[in-house]
Structure formats: structure tokens, C-alpha cells
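What follows is one structure encoded as C-alpha cells, with my remarks underneath.
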Amino acid sequence: MEITAFSQKVKRHLEEQLGSEALVSIKNITKNNGIELHSVIIARKGLNLSPNIYLDDLHAAYEEGETFRWVMDRVLQIYEESSTRDNIDMSFFLDYEKMKEQVVYKVISHEKNKELLKRVPSVPFLDLAIVFYCHVPEKELGNATIQIYNNHLMMWGITKEQLYEDAKRNTERIMPPRLLSIEEMMKEIVSEGQETEQDFFAEEGEENGRMYVLGNERKLFGAAVMLYRGVLEKIMEKTGKNLFILPSSVHEVILVPDDERQEAEELWKMVCDINATQVEPEEVLTDSVYYFSRKCGRIEQLF
């Protein structure tokens, strides 16, 4: 069954099941890198926020043999887990003075987001673009974000430069850096997300041959941490080596200390392969490889 017909079938069954207590609609949403996803929205009466429930993975599971009843159970489960019970006051977003402490930035591909970049304030960085969003300070919404568009700047009466300065100050505070060795990251994945308290620069010594995963504590748009003031310098001091930077997704980058055994082209091939086979299309950052050295003191693009 084609995804559009599948989405309409989900909508009809939800309407039959929920009746007049909710308004059900289908919406196509363009995500990062221009990836279009299909979602269903269940709007409960009296509530001002409704989660997008993405149907693409559910459609794939259905095509691979899952029953439609299983699909509907999952849709309702996702809705119950992600919906709020009360209205959320979003009036703060209308007043820049009230929300400017929540403005943060992330990095995305410039090439793959040309259409989006026509509509949002951005700052170029190598083959990337720095763009801005509001981190919604509501516990009920978890890591909810609001993309900031050009018309928001007009509404607030501010410049892109002011937005950028506020975001630089806030992002390091709201999204503090997090550094793990590859081994530590794998242990965390195996332990199914059970986290332990850890210092940013833990485990002194035994640095030879290590690779690191750099992101933020919220595990959201953490590739931007490579732009934080002094972070790469501290890691270079810890390892005693210049750093190759491999963008593994919009959420994190891999750091490879340069012991003069790595070939930049081989690292680039690895990034391309991982992006093509291991990363969701909307979470790919870039196929490029970057380099940070004492001599240059800034990030350079190698490939």
C-alpha cells in the first residue's frame, strides 16, 4: 500500500475510534535535508498542542508484515506517551525579551537545505549553516524546539546579529558539551541508555589510538559543540594531538587525534559510508572531513 493511502487509512480508523473527542489530520512535514515525512496529528479538544506522529516507519513495518491493528496500537501508544494533559503557555515566544534566554543554534548542511535557508536566519560556516531555534522550557515537552524564521525576527524587531550573539551565549549553557570515547559510547548503547555521572574530560591517560564522540548532554543537535569556545582546544590539550573531525550526524561528531597514521581520504570514505548506511537521511550533517590544529587555531575543511 502506498504511503498516502496508508496515511488516510490510519486517519479513518482514528476518527472511528476517537469519535468527536479529537480532530484527526494528515500532514506532510519537511525535515532537515529536505526529507519529507508523513505524520498524523490527533488534536484533542481544549488542548493547544498536539504531537506529530510520524507514519513512515510504521508504514515500512506494515509493508514488511506487521498487522494494521499493530500499527493502530502503536499510533495510540505514541500519542499517549507524547501528548500533554494541559495547555502549555506559549505566549513567551511572542516577546523576544521573554524568550531570548532560550535561543540556541545548531548546524545543518548548506547544500541540502537551500530552500529552508531562504526562509530562516543563518550564518555560513564552511559547507554548513548555523541556524537558530528556541528550546521550549517546558518539562512536559522534553526536547521540544521551535525553528526560528525570518518573519519571527520581523515580529520581534531584532537583527540576525543580535540573535546570533544571544544564541552563542545560551547554547553552551543550555546544551553543555559531552565527550565520550568510542568505547564508552558503545558501552552506553549496550546498556540501553543507562547513564552514569561523568566528567567532561574523564579518564586521563591511555589516549593513544582513541577516538571520541563529541556532542551535548541533551543528545540533541550536538554537532554544534565543535563551535563552542575552547572545547576543541581542551580536547587537543588532553590528547596532545591535532584533531580530525568526522561529522557523524547533526547530533554529534567523531574526533580522531592525528597520530600521522590516518589518511584524510580514507576518513572521508568512512564518513560517506556511514552517512549512506547508518544515519537516518534527515540526521545526516555532511560528508565532509574537518581538521583542527594548533597552527591554524580554527576548523578547516579537508574534503
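Nothing fancy with the numbering, it's 1 onward along the sequence. Hydrogens, waters and symmetry mates play no part in the numbers below; they use all other heavy atoms, side chains included.
For the side chain to side chain donor-acceptor pair (under 3.5 Å) test with Glu15, the passing option among His13, Arg12, Lys11, Gln17 is Lys11; the others fail.
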Got a list of side-chain donor-acceptor pairs under 3.5 Å for residues 117-132, not counting sequence neighbours?
residue: Lys118; atom: NZ; partner: Glu115; partner atom: OE2; Å: 3.0
residue: Asp127; atom: OD1; partner: Tyr290; partner atom: OH; Å: 2.5
residue: Asp127; atom: OD2; partner: Thr286; partner atom: OG1; Å: 2.7
residue: Asp127; atom: OD2; partner: Ser288; partner atom: OG; Å: 2.6

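Cation-pi contact between Lys160 and Tyr164: absent, since separation from the ring centre below 6.0 Å together with deviation from the ring axis within 45° is not met.
For the ring-ring contact (aromatic ring centres under 6.0 Å, His included) test, no residue two or more places apart in sequence or in another chain qualifies with Phe292. Applying the salt bridge (charged side-chain N to carboxylate O under 4.0 Å, His left out) criterion to Glu266, with sequence neighbours excluded, gives Lys269. For Lys114, the side-chain hydrogen bond (donor to acceptor under 3.5 Å, both in side chains) criterion is met by Glu111, not counting sequence neighbours. Residues passing the ring-ring contact (aromatic ring centres under 6.0 Å, His included) test with Trp156 are Phe93, Tyr96, His152, sequence neighbours excluded. In this structure, His110 has no ring-ring contact (aromatic ring centres under 6.0 Å, His included) partners at least two apart in sequence or on a different chain. In this structure Glu260 satisfies the side-chain hydrogen bond (donor to acceptor under 3.5 Å, both in side chains) test with no other residue, sequence neighbours excluded. With sequence neighbours excluded, the residues satisfying ring-ring contact (aromatic ring centres under 6.0 Å, His included) with Tyr133 are Phe221.
Between Tyr62 and Arg74, the side chains place no donor N or O within less than 3.5 Å of an acceptor N or O (distance only, hydrogens not considered).
Legend: salt bridge (charged side-chain N to carboxylate O under 4.0 Å, His left out) pairs involving residues 287-299, not counting sequence neighbours: none detected.
In the hydrophobic clustering, Ile41 connects to no other residue, as no ILVMFWY side-chain heavy atoms lie under 4.5 Å from its own. Through direct or relayed side-chain contacts under 4.5 Å between Ile, Leu, Val, Met, Phe, Trp and Tyr, Leu23 connects to no other residue. Other cluster members for Met154: none, since no ILVMFWY side-chain heavy atom sits under 4.5 Å from it.
The backbone N or O of Thr171 lies less than 3.5 Å from a partner atom in the side chain of Tyr228, making a donor-acceptor pair.
Enclosure of atom CD in Glu300 by more than 12 non-hydrogen atoms of other residues, nucleotides or ligands within 6.0 angstrom is indicated.
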